[in-house]
Amino acid sequence: MDVSTLIDDLSTATGSDNVIIDDAIKRSHETGYRSGHGIASAVVYPTTLLALWNILKACHQNDAVVIPQAANTGLTEGSTPKDEYSRPMVVISTMRLKGLHFLEEGKQVVALPGATLFELSQKLAPMGREPHSVIGSTSLGATVVGGVCNNSGGALCRRGPAYTELALYARVNADNELELINELGIDLGELPEDILPKVEKGYFPDASVHHGVGKASDDNYQTIIRGADQPGAARYNNDPRLLHGASGSAGKVVVFAVRLDTFEQEKDVTTYYVGTNKTQQLSDFRFRFLKEASRLPITTEYLHRELFDVAKRYGKDSFLIIKWLGTQRLPAAFKLKTRIDNLFRKVTFLPAPFSDHILQAASRLLPSPLPKRLHTWRDAYEHHLIIRVNGDMREETEHFLDECFDHNAWFQCTSDEGERAMLHRFAAAGAAVRYRTIHHKNVEDILALDIALSRNDPEWFEQLPESISKDIVHRLYYGHFFCHVFHQDYIFRRGADVNALKNAMLDILDKRGAEYPAEHNVGHLYPAKEDLANFYRQLDPTNRFNPGIGKMSRSPNYE
């Protein structure tokens, strides 16, 4: 294949300034947020939905494969190239395709590919509403569409994973024809040239919008999470219940828009901080609350003492940046950090990423931002739980706390303590990566697992055999306790066979009936199970989009 012809056709589709072939500029799109790398023939930045359609036509005509990419905040290499392909490969960055259009006074939103969760949160706030997820990748610039494509989880007990049956997307069908599928539940016309400008402008006359034609959120999740005495995971990426069109598609189609429900903003929030040295106490609390409480809590976030310590040291700057700058400035701060790291990467004798070393050194000079009571609970207890409820649930919640935990093992946080406890939990997510960066000479790698245990599994706290644990420097356990989804980050000593250890650990999880990954998608790191693999083949029968994810074939037609 003559790649130069492909480049010319892409330039015609969207303008030569939006087609990148320079290796240095492509690199950030070719490298995963945590790991993974491959080479793209070009990176393309469409600026309109119609340009995106024309780019897809150019790729189709030139037999090029496509990797759709939004903010590239995924943790399993699913939105970047991986190694080599037998065909030319184009990364399409959708981040310039901004747009949020609200229906029913904000009860639903139609989001374009580049619209971020953060932007959606900001626009919904004056309406007294929120998106399905309000922490985590929201602050990193993750997109609304990306969350849907990955069935992203989120920490909120009442809302479940990002899910919709209402979307507008392009695919190549079994007859090798590029087609635009309108499942938005909105009458927009027949031709892409008619449909796409209307979606971009949000031209949705009331008569064209249909209701009750499909779900725009996972409205069954509250029933599922309450099944604490039932087998099976509450939520995970391979769940066939949540595979539909764009939802769970993971780049096997190119999504132009999704239509989603929004939710009433949580008000009058009370935060409790709980400590225990007995895992059974946490199990009993979870079971009783889920089975007996009148309503679900807002969030229940678990931290282990070892994670508390590592996050306190290696997540301090993240904590302080959020505290000082506010979440509204975080996306810009992360962009600036990326530019600085790209600039200093050219200076080969400096450690990379350079900004992490500077931030870590600076943070050592500052006192701990954690409240005194959190330090006291850290010293007294191995296991920590942050539970947030609405104010009208205080009496009921405190009844369960008194029934399930030792006297004085919990306290109601002040507003400042509650905010700092949740910031500490947020900073924990990046602590392992920072540790590896600072101690790269002594660390082989990080293994980050996000697992969904069976809802009725009482042995939720992992006990690893000595054959595995001897190679681990730190085990960092945290997660969303009531849905039994846990993030388990392992930092391995230099010289450890991380791949072999990973296989051994996954074998243990398989025997326990756990599901993985729970909320970061299979990407290139995990095999797609049968239901998910069949879903990918159904969406993309010629294997044109994001080939190789789920450890599937990279070849045309999955040969």
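In this structure, Lys502 forms a cation-pi arrangement with Tyr526, its terminal cationic atom sitting closer than 6.0 Å to the ring centre and no more than 45° off the ring axis.
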- Task: Could you walk me through whether Tyr221 and Arg159 pass side-chain hydrogen bond (donor to acceptor under 3.5 Å, both in side chains), step by step?
- Result: CA-CA 7 Å; Tyr221 184 66; Arg159 299 181 191 175; over 6 Å; no
- Apply salt bridge (Lys or Arg N to Asp or Glu O under 4.0 Å) to Arg305 and Glu382, showing your working. CA-CA 5 Å; Arg305 176 190 278 155; Glu382 180 181 2; 5.6 Å; no
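In this view, His29 and Tyr45 satisfy the ring pair (Phe, Tyr, Trp, His ring centres under 6.0 Å) rule, not counting sequence neighbours. Legend: residues meeting side-chain hydrogen bond (donor to acceptor under 3.5 Å, both in side chains) with His384, ordered by chain and number and at least two apart, are Tyr273. The side-chain hydrogen bond (donor to acceptor under 3.5 Å, both in side chains) search around Asn238 returns none, not counting sequence neighbours. For the salt bridge (Lys or Arg N to Asp or Glu O under 4.0 Å) test, no residue two or more places apart in sequence or in another chain qualifies with Lys441. Taking Tyr478 as the reference, His487 meet the ring pair (Phe, Tyr, Trp, His ring centres under 6.0 Å) condition, with sequence neighbours excluded. With sequence neighbours excluded, the residues satisfying side-chain hydrogen bond (donor to acceptor under 3.5 Å, both in side chains) with Asp261 are Gln108, Ser217. For Asp497, there are no salt bridge (Lys or Arg N to Asp or Glu O under 4.0 Å) partners, not counting sequence neighbours. With sequence neighbours left out, Glu515 forms a side-chain hydrogen bond (donor to acceptor under 3.5 Å, both in side chains) with Lys529. Arg420 pairs by the salt bridge (Lys or Arg N to Asp or Glu O under 4.0 Å) definition with Asp416, not counting sequence neighbours.
Residues Ser283 and Pro458 share a closest heavy-atom pair of OG-O, 3.6 Å. Ile468 and Leu501 get closest at one heavy-atom pair: CA-CD2, 4.0 Å.
The main-chain N or O of Ala432 is never found under 3.5 Å from a side-chain atom of Asp489 such that the two would form a donor-acceptor pair. Under a 3.5 Å cut-off, the side chain of Ser454 and the backbone N or O of Gly232 do form a donor-acceptor pair. Looking at Gln222, its side chain never comes within 3.5 Å of a backbone N or O of Cys157 through a donor-acceptor pair. Remark: side-chain polar atoms of Lys82 are not paired, donor with acceptor, to backbone N or O of Gly38 under 3.5 angstrom. The closest donor-acceptor contact from the side chain of Glu165 to the backbone of Lys215 lies under 3.5 Å. Between the side chain of Asn150 and the main chain of Ser152, no donor-acceptor pair closer than 3.5 Å is present. Looking at Arg388, its side chain never comes within 3.5 Å of a backbone N or O of Thr271 through a donor-acceptor pair. Without hydrogens or angle criteria, Ser553 side chain to Ser555 main chain gives a donor-acceptor distance under 3.5 Å. The backbone N or O of Leu539 lies less than 3.5 Å from a partner atom in the side chain of Arg171, making a donor-acceptor pair.
For residues 431-453, every residue pair satisfying the ring pair (Phe, Tyr, Trp, His ring centres under 6.0 Å) rule, not counting sequence neighbours, is listed here: Tyr314-Tyr435, Tyr314-His439, Tyr435-His439, Tyr435-His474. Within the structure, salt bridge (Lys or Arg N to Asp or Glu O under 4.0 Å) pairs that include any residue of residues 543-559 comprise Asp63-Arg544 (at least two apart or interchain). Sorted by first and then second residue, the salt bridge (Lys or Arg N to Asp or Glu O under 4.0 Å) pairs involving residues 460-471 (not counting sequence neighbours) are Asp471-Arg493.
Between Phe289 and Phe482, the ring centre distance stays below 6.0 Å. The distance between the ring centers of His304 and Phe461 falls below 6.0 angstrom.
Between the side chains of Thr437 and Asp356, no donor-acceptor pair of N or O atoms lies under 3.5 Å.
Note that CD of Glu306 and CD1 of Ile491 are 8.0 Å apart. Values are rounded to the nearest 0.5 Å.
Two residues are said to be in side-chain contact when any heavy atoms from C-beta on lie closer than 4.5 Å; Ile67 and Thr80 fail this criterion. Side-chain atoms of Phe287 and Asp284, non-hydrogen and from C-beta on, never get closer than 4.5 Å to each other.
Using bins of under 30°, 30° to 60° and over 60° for the plane-to-plane angle, the ring pair His484/Phe481 lands in the perpendicular bin.
The number of heavy-atom neighbours closer than 6.0 Å to NZ of Lys278, taken from other residues, nucleotides and ligands shown, is 12 or below.
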